[in-house]
Amino acid sequence: MTQEYVWFITGANRGIGLEMVKQLLQSPANIIVAAARDPAKATELQGLAENAGGKLRLLGIDYLINNAGVMLGGEDTAFSMYVDVLTKTFATNVGGPALVTQAFIGLVEKSEKKTVVNISSTVGSIASDFGAKAASYAISKAALNMLTYKEAKEKPDLTVILMCPGWLQTDLGGPDAILPVSVGVGGVLKTILALKPEDSGTFFNFQGQGVPW
Ligand SMILES: NC(=O)c1ccc[n+]([C@@H]2O[C@H](COP(=O)([O-])OP(=O)(O)OC[C@H]3O[C@@H](n4cnc5c(N)ncnc54)[C@H](OP(=O)(O)O)[C@@H]3O)[C@@H](O)[C@H]2O)c1
């Protein structure tokens, strides 16, 4: 029998999360738990589930993908951003992944792959030097990077990593984004499937290259 792996993905009703579900359904090895905050409105996701042959089980979670995220402040800057926008962005982009991982860590630890992936962005990398814009978003992703480092250090038996999916054509990425969502997600999943335990605590882009902090 083919080895099966359980994936848990937040923000699966649109954008990067929905494309991950579509690509993972191509392989019979994958069982997907797709999380959406309003499942009744997630019509495309429901359609996929109806045709997925019941590949929905919860034994352990091999891959927990903290994908849900927001960019509420647009191109705001350190001197123009609203602190309530920063706080709301922080709650979703840092508090969300922290709480989801706390809630499901028991199921991750029961699995074979024991992998947690936090979807970040290179704009949260200080060394990548992206300049003044998108301050509230970048600050939240820099904090997510530190959260990931802390999770990896606390649980060395897990593989906890960060991934930047590239600048993708989704609601968040906007109309000027350079890549179709299928390309970025294909690269993200390829990188995740090639992970080794020693990769824990690191930051990759969708081409599988390391991103500096
Ligand atoms: N697109 C890019 O260019 C790009 C680049 C780098 C990193 N990223 C990261 O990739 C991830 C996904 O982005 P995307 O481009 O797919 O964005 P998107 O198309 O705007 O989709 C965002 C997803 O996150 C969910 N979400 C937002 N706030 C939530 C909350 N408070 N609780 C639960 N779910 C929530 C949304 O659910 P609703 O539909 O219910 O709002 C939706 O499913 C984010 O972490 C983002 O920062 C994206």
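Order of listing sets the numbers, starting from 1, for every ligand and every atom in it. Throughout, numbering of the chain's residues begins at 1 and tracks the sequence.
Contacts between Asn67 and ligand 1 below 4.0 angstrom, taking non-hydrogen atoms only, involve backbone and side chain alike. Contacts with ligand 1 closer than 4.0 Å are made by no heavy atom of Gln169, backbone or side chain. Only the side chain of Thr92 comes within 4.0 Å of ligand 1, judged by heavy-atom distances. Of the heavy atoms in Ser120, only backbone atoms (N, CA, C, O) come closer than 4.0 Å to ligand 1.
Within the structure, the closest approach of Thr10 to ligand 1 does not fall below 4.0 Å when heavy atoms are considered. Contact annotation: Lys141 has at least one heavy atom less than 4.0 Å from an atom of ligand 1. Remark: distances from the non-hydrogen atoms of Pro165 to ligand 1 include one below 4.0 Å. Residue Ala42 places every heavy atom at 4.0 Å or more from ligand 1.
Residue Gly11 places at least one N or O, backbone or side chain, under 3.5 Å from an N or O of ligand 1. Taking only nitrogen or oxygen atoms, main chain and side chain alike, Ile16 reaches within less than 3.5 Å of ligand 1. The N/O atoms of Ser121, backbone and side chain alike, include none that comes under 3.5 Å of an N/O atom in ligand 1.
Side-chain polar atoms of Asn118 and Glu151 form a donor-acceptor pair below 3.5 angstrom. Residues Asn66 and Thr101 have side chains that bring a donor and an acceptor to within less than 3.5 angstrom of each other. In this model, no donor atom of one side chain and acceptor atom of the other lie less than 3.5 Å apart for Ser125 and Thr122.
How far CG of Leu72 is from CE of Met81: 13.0 Å, rounded to the nearest 0.5 Å. Between Ile105 atom CD1 and Ile61 atom CD1 the span is 9.0 Å, to the nearest 0.5 Å. Note: Gln23 CD to Lys190 NZ = 12.0 Å, rounded to the nearest 0.5 Å. Atom NZ of Lys88 is separated from atom OG of Ser140 by 14.5 Å, given to the nearest 0.5 angstrom.
For the pairing with Ile9, the side-chain contact (heavy atoms from CB on, under 4.5 Å) check across Leu64, Val117, Ile65, Leu18 returns one residue only, Ile65.
Those atoms of ligand 1 that come under 4.0 Å of a heavy atom in Ala68, given as number and element, are 24 (O), 25 (C), 26 (N), 34 (N), 35 (C), 45 (O). For ligand 1, the atoms lying closer than 4.0 Å to a non-hydrogen atom of Trp167 are 3 (O). Here is the list of ligand 1 atoms found below 4.0 Å of a heavy atom in Asp171: 19 (O), 20 (O). Per-residue contacts place Ile119 under 4.0 angstrom from the following atoms of ligand 1 (heavy atoms of the residue considered): 9 (C), 10 (O), 11 (C), 45 (O). Within the listing of ligand 1, atoms 27 (C), 28 (N) sit less than 4.0 angstrom from a heavy atom of Val70.
Of the protein's non-hydrogen atoms, the one nearest atom 36 (C) of ligand 1 is Arg14 NH2, 3.7 Å. In terms of protein heavy-atom proximity, atom 8 (N) of ligand 1 is nearest to Tyr137 OH, 3.5 Å. In this structure, the protein non-hydrogen atom closest to atom 37 (O) of ligand 1 is Asn13 OD1, 3.5 Å. Of the protein's heavy atoms, Thr170 OG1, 3.6 Å lies nearest to atom 14 (P) of ligand 1. Shortest contact from atom 22 (C) of ligand 1 to any protein heavy atom: Gly69 O, 3.7 Å. Of all protein heavy atoms, the one lying nearest to atom 29 (C) of ligand 1 is Arg37 CZ, 3.4 Å. In terms of protein heavy-atom proximity, atom 4 (C) of ligand 1 is nearest to Gly166 O, 3.6 Å. Scanning all protein heavy atoms for the shortest distance to atom 2 (C) of ligand 1 gives Leu168 N, 3.6 Å.
Taking the six-membered ring where the residue is Trp, Tyr63 and Tyr5 present perpendicular rings, their angle passing 60° and hence far from 30°.
Looking only at side-chain heavy atoms (C-beta outward), Tyr137 and Ser121 come within less than 4.5 Å of each other. The side-chain heavy atoms of Leu189 and Phe206, taken from C-beta on, include no pair separated by under 4.5 Å. Residues Leu99 and Gln102 are in side-chain contact: their nearest non-hydrogen atoms beyond the backbone lie under 4.5 Å apart.
Tyr149 and Leu147 fall into different hydrophobic clusters, where Ile, Leu, Val, Met, Phe, Trp and Tyr residues are linked whenever their side-chain heavy atoms come under 4.5 Å apart, directly or through other members. One hydrophobic cluster, built from ILVMFWY side chains closer than 4.5 Å, holds both Ile161 and Met20.
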